Amino acid sequence: MVSYMKPAPITKKYFTPGVFVLMLIALNGIAFLLGRLFFGIGAVTHLNNQYPWGIWIGVDVAAGVALAAGGFTTAALGHVMHRSHYHDIVRPALLTALLGYTFVALSVSIDIGRWYYIWHPMIMWNGSSALFEVGICVMIYLTVLYIEFLPIVTERFINHVNLKGIFSFLNKPIERLLMLLDKGLSKVMFVFIIAGVVLSTLHQSSLGTLMVIAGPKMHPLWQTPILPLLFLLSAISVGFPMVIFESMIAARSFGLKPEMEILSRLGSIVPPILGIYLAFKLGDMFIRETFVYLTSFNTQSVMFTIEVLFGVIIPLRMFLSKAVLKSPLWLFIASCLVIFGVLLNRINNFVTAYTPPYSFSSYFPSFGEISVTVGFIALLVLLYRLIVFNFPVISVIDRHYTPRTKYAIRGSEQ
Amino acid sequence: MEKQSRREFFKTTAIVGSAIAGLSSNSTKAAPKNILSEDRMGVLVDTTACIGCRSCEWACKTAHGIETQSLEKYSDRTVFKNMRRPDVNALTVVNEYANHQNAQLPTDVKIQCMHCDHPACVSACIVGAFSKQENGSVIWDTKKCIGCRYCMVACPFQVPSFEYNKAINPEIKKCDFCFERTKVGKLPACVEICPVEALTYGPRNDLIKIARERIKRNPDKYFDYIYGEYEVGGTSWMYIGNQDLRNVAFPKLGDKPAPGVSEAIQHGIFAYFVPPVSLYALLGGIMWITKNRKNSEEE
Ligand code: SF4
Ligand code: SF4
Ligand code: SF4
């Protein structure tokens, strides 16, 4: 156990040149977002009656949900299976999931034509709609994520409530309230943790059911009744690579040493899951004999090949190698490939595969659409940074613990 | 996690489980109106009779308050050079297709919502804004719609269109089978105006008989196929013509209802919430066992 590590707010400078670049990207996205709000979806996107869904659904929503899967996979590993040596990564993964889903919800609201009716599904139910199920599950799961995050907030403020001036009389009661909340939460938290895992498996798979109803409008390389299973498996398999990816980026930008011990262990869990996913993907292809479509050269066949080769087969081989698991650089590259594979898979399912019988031109996202998508990602990173600077999320060296030289961490505390 | 007695753990798990199960009994009832009446109405489109005058386009716009040119201007046949699709300003359009058997007799096909017997749009809509009415019409409810456009993704005939250029209250537009007119006993506007009776309005079952009869009486004139009789489980609007319409105006579709597979999956995953609840119980069990093991290891 690496008990000398303890989650704590990062103490560094928030503003760096990189942060300013991100802010510019975010502002550009917000500008187009305002355009959409004031002039309608048609003003900023290339969507039309032939292509009703574009990258706001394919990337922001579908890929966003998949890439936030690290939250429920680590929760399952750390809390449900009680593998405590993973505890250091549960919080960062939780935060990513929380922000990820928040932005998924935001993206959905701007993609739908009547954003002010986003609450309609709560009271107007259609049990046969896959989208309804995704919507409801995501709403509940988002709430669960916020509840799971609460202990981090109480931990931050217990013993630190310090209101000044006329509000100072509130310090004691707030403190007591936080204590009470903290105690109550830790008693029932397991309910939410399990619920979070169940809700995730549900909507991760229903996201796959979404396109099933499009039937022949979807290219046969992707259209299959086992789409929900493929979506679930790929979401689970991208969970840990995503955690590895974030931990390494965070370690780098906060000047910490990547926790290779945990990350390699995580990496070693990837191959079986990725392998099962690949088996189903290829098995499905052979059963439905869709490989014939690969012999013709077009956007669909090329995208499918890239997705499976670079997004699944190559990283699978990499994760199987001991040398890759031990090397931070190669582990990072392998994780990036899995992430790329799932991202591309979602884009393919929702955009590339969608080939309506009557169309006047094919769909390619507009500059505005890309700006909003990229802007949201920048905003997400900025928020992440802001939160880890103020809340105990990332594990750093515990000040009250004498570190062994073996684990000395380069420049973590100044 | 705090220490917790085994009883307490199971109690809480059980309460949550039954709460979810309680939800399920409601949600199985929560479905939009989707009636398949024996006497549902339909329209038989005899494309061999259609002269491509496009009066129906004009009548439809007029009946739905869409701005339009005067009826005379519709005789302009140059519009047939391009394929057109129904959109927010035209709930129905007529396209002309070459006829390779007889170049003198091109095939004019009026296109609008097919009013499916098992509509994908009704099954897909997240809030149940679409419904299939007793008289066969598939209609849309502006009070519910959130503008997600999933209906457009789902429709196998690629019919619903969306007002992309409206910032506030954009609508989904499609042929509503003139629901407001038929309710008060009037004919659909397009059927009423058609000068050559290419459109026949009547009970769907009778229309199939009429279509069979016409094909039988004139086997040289017709290609022996009723488009819409079985497509995606049958549609209220059906077509006959001088050539196989699946090659020109319509997609080749199977006879299985479009929502079939996705509804089967959906109901499989959610069969009375048994799968989610069992998963919940299973995870709870694992959590409890691993926690006990950890505790005993630490002692
Ligand atoms: S044609 Fe499309 S819009 Fe019309 S009823 Fe069928 S699925 Fe719905
Ligand atoms: S756009 Fe409106 S009618 Fe269509 S599926 Fe969404 S909520 Fe339903
Ligand atoms: S039935 Fe009514 S709405 Fe539909 S095409 Fe005819 S006139 Fe238009």
Side-chain angles (χ1 to χ4, degrees), chain A residues 37-43 45 47-50 52-53 76 79-82 84 111-114 117-118 120-121 124-133 135 183 186-191 193-195 197-198 201-202 205-206 209-217 225 228 354 356-358, chain B residues 1-2 4 9 12-13 16 26-28 30-32 83 85 87 120 123-129 144-150 152-154 156 158 160-167 169-170 251-253 258-259 261-263 265-267 269-270 276 279-280 283-284 286-287 290-291 293-294:
Chain A
L37 287 179
F38 287 112
F39 304 106
I41 297 174
T45 69
L47 298 176
N48 53 35
N49 291 334
Q50 287 80 48
W53 282 0
H79 291 311
V80 178
M81 314 236 228
H82 282 105
S84 43
D111 186 77
I112 66 173
R114 303 166 165 193
Y117 282 166
I118 185 86
H120 270 187
M124 299 168 191
W125 293 11
N126 180 7
S128 64
S129 166
L131 189 61
F132 169 75
E133 198 238 303
K183 235 174 125 198
S186 60
K187 274 228 170 89
V188 292
M189 192 47 85
F190 75 98
V191 173
I193 288 167
I194 307 179
V197 177
V198 175
T201 51
L202 288 181
S205 49
S206 302
T209 323
L210 272 191
M211 293 308 276
V212 169
I213 203 167
K217 288 205 270 182
Y354 193 75
Y358 311 103
Chain B
M1 193 164 301
E2 293 283 290
Q4 198 158 23
F9 185 94
T12 329
T13 320
V16 175
N26 284 330
S27 73
T28 41
M83 187 212 31
R85 295 293 304 166
D87 66 20
S123 166
C125 176
I126 179 168
V127 288
K144 288 186 174 171
C145 177
I146 65 169
C148 68
R149 309 187 297 288
Y150 190 35
M152 300 168 71
V153 172
Q158 216 187 314
S161 56
F162 178 73
E163 295 182 314
Y164 284 99
N165 291 315
K166 261 197 181 171
N169 258 16
K252 291 191 179 69
L253 297 168
V261 185
S262 76
E263 281 189 7
I265 296 172
Q266 200 60 12
H267 294 157
I269 296 180
F270 280 90
L279 180 60
Y280 190 95
L283 291 175
I286 296 177
M287 198 169 185
T290 55
K291 185 177 141 212
R293 190 182 300 149
K294 211 183 98 204

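Note that this is a predicted model, so its numbers are computed, not measured. Each chain gets a letter, A, B and so on, in the order the sequences are listed, and its residues count up from 1.
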Name the option with the most non-hydrogen atom pairs under 4.5 Å to chain A; the candidates are B/Cys145, B/Gly128, B/Pro160, B/Ala129.
B/Cys145
What's the shortest heavy-atom distance between B/Ala120 and A/Ile213, and which atoms?
O-CD1, 3.8 Å
B/Glu163: what forms a side chain to side chain donor-acceptor pair (under 3.5 Å) with it, not counting sequence neighbours?
B/Lys166
Given that the side chain runs from C-beta out, which part of A/Pro121 has a heavy atom under 4.5 Å from chain B: side chain, backbone, both or neither?
both
Partner chain B: residue of A/Val212, A/Ile118, A/Thr45 with the largest heavy-atom pair count (under 4.5 Å)
A/Val212
In terms of heavy-atom pairs under 4.5 Å with chain B, the winner among A/Val197, A/Thr201, A/Asn49 is A/Asn49
Among all residues two or more places apart in sequence or in another chain, which pass the side chain to side chain donor-acceptor pair (under 3.5 Å) test with B/Ser123?
B/Glu263
Criterion side-chain contact (heavy atoms from CB on, under 4.5 Å) on A/Tyr117 and B/Asn169, from CA distance to verdict:
CA-CA 10 Å; A/Tyr117 282 166; B/Asn169 258 16; 4.2 Å; yes
What part of A/Leu37 gets closer than 4.5 Å to chain B, counting heavy atoms only: side chain, backbone, both or neither?
backbone
In terms of relative ring orientation, are B/Tyr164 and B/Phe162 parallel, tilted or perpendicular, with 30° and 60° separating the classes?
perpendicular
B/Arg149 (side chain) donor-acceptor with A/Asp111 (main chain) under 3.5 angstrom
yes
Most contacts with chain B, counted as non-hydrogen pairs under 4.5 angstrom, among A/Trp53, A/Phe38, A/Tyr358:
A/Tyr358
So what's closer than 4.5 Å to chain B heavy atoms on A/Ala130: side chain, backbone, both or neither?
both
Taking every non-hydrogen pair under 4.5 Å, which of B/Asp87, B/Val153, B/Asn165 racks up the most with chain A?
B/Val153
